[in-house]
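Owing to the predicted nature of the structure, the values given are computational and were not obtained by experimental measurement.
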Amino acid sequence: MSKSPVRAQAKGAGRVVVRRVSAVGEQGPGGGRKAAKVTNEMPAKKAADSAKAAVKKTAARGKGAAGEDAGKKDAVSRRAGAAPGKPESHTALVRRARRVNRELAEIYPYAHPELDFENPFQLVVATVLSAQTTDLRVNQTTPALFAKYPTPEDLAAADPEEVEEILRPTGFFRAKTKSVMGLSKALVEEFGGEVPGRLEDLVKLPGVGRKTAFVVLGNAFGRPGITVDTHFQRLVRRWRWTEATEPDKIEAAVGALFPKSDWTMLSHHVIFHGRRICHARKPACGACPIAPLCPAYGEGETDPEKAKKLLKYEKGGFPGQRLNPPQSYLDAGGRPAPPLGAG
């Protein structure tokens, strides 16, 4: 016998269920035929059960994701020094920030300004030239500049085209030529050819902002200052020392966490760490000695062996940025950078 399809609408299921039954029905107890019975109950029940199961599964996934997020937040809180689920107090932040600085001081006992200079004039010029390029490229370029123009008087009276040619490797060489010649002229005319040792005087020089001024004050005059460069900004935000994005606000927020006497070396420690381990694009988290104190741990490579391959400069066994680094750096295993055009 042929079979005919019977279409049944499953209640609440939002779909049509097709069932096939015998046209002659089933055998009755007396050998007769029992009429075929078509029912909608089973398809509807199955659809309802399926819908309930889907809802439960979705809810379970939501709970799992929420639990996972909560776990991550708790881990971040613990790394930040706070109890799970609670924000870090100001006192706890100060303690953690200072501990990070102490750890960095042990990791980089040879930290120093990575621009070659012999006097305040060379440092202020080199720092202005370091904008939009590396300290290494500046260090490879300034020997020729200072050999030809050793004083502010010499550079102020120079032929701009000759200065531009020397500074070409640093990029933006026309603007930089204008700045260094302009600041040299200002030093001659307003400060007797000497670099001033006050912030308010330094920032009046062409091309000199607060960052450059603090580099000069801290490293040429021994006066405390925080150098908020791109590395410093990136790391202090990763460490949740501040959420500020403007350099002057970052400077104020971080400065409030440390005694003034720590500011200059703090800048060196943070910048050294940013250049060597805590990189912008792929930090070497798995090779970072301060990982237990870092709320941002895991943003980069956490596998120790892979992370080691990301290390730069002396931490990765490569030359540093200075052609003439301090002896303490050399004693620690650091290697001088090659001069311009070498290799």
Original post:
Would you say Gln321's side chain and Leu136's backbone share a donor-acceptor pair under 3.5 angstrom?
Top reply: yes

Original post:
Is any side-chain heavy atom of Pro169 less than 4.5 Å from a side-chain heavy atom of Leu340?
Top reply: yes

Original post:
Do Gln140 and Pro339 touch side chain to side chain, with heavy atoms closer than 4.5 Å?
Top reply: no

**OP:** Nearest 0.5 Å please: distance from the CZ atom of Arg102 over to the CG atom of Asp262.
**Re:** 10.0 Å

Can you give me every donor-acceptor pair (side chain of residues 143-150, partner residue at least two apart or in another chain, under 3.5 Å) with its distance?
| unit_1 | atom_1 | unit_2 | atom_2 | d |
| --- | --- | --- | --- | --- |
| Lys148 | NZ | Glu162 | OE1 | 3.1 |
| Tyr149 | OH | Glu162 | OE1 | 3.2 |

Original post:
What ring pair (Phe, Tyr, Trp, His ring centres under 6.0 Å) pairs are there with at least one residue in residues 190-234, not counting sequence neighbours?
Top reply: none

**OP:** Tell me, please, which residues at least two apart from Trp263 pass ring-ring contact (aromatic ring centres under 6.0 Å, His included).
**Re:** none

Original post:
Counting only N and O atoms by type, is there a donor-acceptor contact under 3.5 Å from the side chain of Thr142 to the main-chain atoms of Val138?
Top reply: yes

**OP:** Show the numbers, then the answer: is there a side-chain contact (heavy atoms from CB on, under 4.5 Å) between Asn101 and Met265?
**Re:** CA-CA 9 Å; Asn101 189 39; Met265 287 308 300; over 6 Å; no

Original post:
Do any pairs count as a salt bridge (charged side-chain N to carboxylate O under 4.0 Å, His left out) and have a residue in residues 269-279, sequence neighbours left out, and if so which ones?
Top reply: Glu114-Arg275, Glu114-Arg276, Asp135-Arg275, Arg276-Glu314

**OP:** Taking atom CZ of Arg137 as the centre, report whether more than 12 heavy atoms of other residues, nucleotides or ligands fall under 6.0 Å from it.
**Re:** no

Original post:
Is there a side-chain contact between Ser184 and Phe121 (heavy atoms, below 4.5 Å)?
Top reply: yes

Original post:
Which pairs, with at least one residue in residues 116-132 and sequence neighbours excluded, count as a side-chain hydrogen bond (donor to acceptor under 3.5 Å, both in side chains)?
Top reply: Asp116-Arg322

Original post:
Where is the tightest heavy-atom contact between Glu299 and Cys285, given as atom of each residue plus distance?
Top reply: N-SG, 4.0 Å

Subject >> Results of ring-ring contact (aromatic ring centres under 6.0 Å, His included) for His112 - residues two or more places apart only >> reply: Phe272, Tyr329

**OP:** State which residues pass ring-ring contact (aromatic ring centres under 6.0 Å, His included) with His269; sequence neighbours excluded, sorted by chain then number.
**Re:** none

**OP:** Decide side-chain contact (heavy atoms from CB on, under 4.5 Å) for Thr302 and Tyr297; before the verdict, give the C-alpha distance in whole Å, the side-chain angles of both, and the deciding distance to 0.1 Å.
**Re:** CA-CA 8 Å; Thr302 57; Tyr297 175 80; 3.6 Å; yes

**OP:** Identify, with sequence neighbours excluded, every residue that meets side chain to side chain contact (heavy atoms under 4.5 Å, CB included) alongside Glu161.
**Re:** Asp159

Original post:
Can you name the side chain to side chain contact (heavy atoms under 4.5 Å, CB included) partners of Glu153, sequence neighbours left out?
Top reply: Thr151, Val188

Original post:
Of the non-hydrogen atoms in Ala337 and Gly320, which two are nearest, and what is the gap between them?
Top reply: CB-O, 3.2 Å

Subject >> Criterion side-chain contact (heavy atoms from CB on, under 4.5 Å) on Val270 and Thr227, from CA distance to verdict >> reply: CA-CA 10 Å; Val270 174; Thr227 303; over 6 Å; no

**OP:** Without swapping roles, check the side chain of Glu246 against the backbone of Asp248 for a donor-acceptor pair under 3.5 Å.
**Re:** no

**OP:** Look up atom CG in Leu104 and atom CG in Leu266, then write down how far apart they are to the nearest 0.5 Å.
**Re:** 8.0 Å

**OP:** Kindly say whether Trp241 contributes a backbone atom to a donor-acceptor pair with the side chain of Arg96 at under 3.5 angstrom?
**Re:** no

**OP:** Please tell me if the side chains of Lys282 and Leu310 come closer than 4.5 Å, counting only heavy atoms from C-beta onward.
**Re:** yes

Original post:
Do Asp331 and Gln327 have side-chain N/O donor and acceptor atoms under 3.5 Å apart?
Top reply: yes

**OP:** Mark yes when over 12 heavy atoms from residues, nucleotides or ligands other than Arg168 sit less than 6.0 Å from its CZ; otherwise mark no.
**Re:** yes

Original post:
Do side-chain atoms of Arg238 reach the backbone of Cys294 as a donor and acceptor pair under 3.5 angstrom?
Top reply: no

**OP:** Return each pair, listed once, that meets side-chain hydrogen bond (donor to acceptor under 3.5 Å, both in side chains) where at least one residue sits in residues 205-221; pairs must be two or more places apart or across chains.
**Re:** Arg210-Glu251, Asn219-His268

Subject >> Pairs where residues 120-133 contributes a residue and the test salt bridge (charged side-chain N to carboxylate O under 4.0 Å, His left out) is met, not counting sequence neighbours >> reply: none

Original post:
Do Val100 and Trp239 come within less than 4.5 Å of each other through their side chains, counting heavy atoms only?
Top reply: yes

Original post:
Which atom pair, heavy atoms only, marks the closest approach of Ala287 to Ile277?
Top reply: O-CD1, 4.1 Å

Original post:
Does a side-chain heavy-atom distance below 4.5 Å link Pro336 with Asn324?
Top reply: no

Distance-only donor-acceptor hits, side chain of residues 173-183, under 3.5 Å, sequence neighbours excluded:
| unit_1 | atom_1 | unit_2 | atom_2 | d |
| --- | --- | --- | --- | --- |
| Lys176 | NZ | Leu129 | O | 2.8 |
| Lys176 | NZ | Ala131 | O | 2.7 |
| Lys176 | NZ | Thr170 | O | 3.0 |
| Lys176 | NZ | Gly171 | O | 3.4 |
| Thr177 | OG1 | Phe173 | O | 2.7 |
| Ser179 | OG | Ala175 | O | 3.3 |

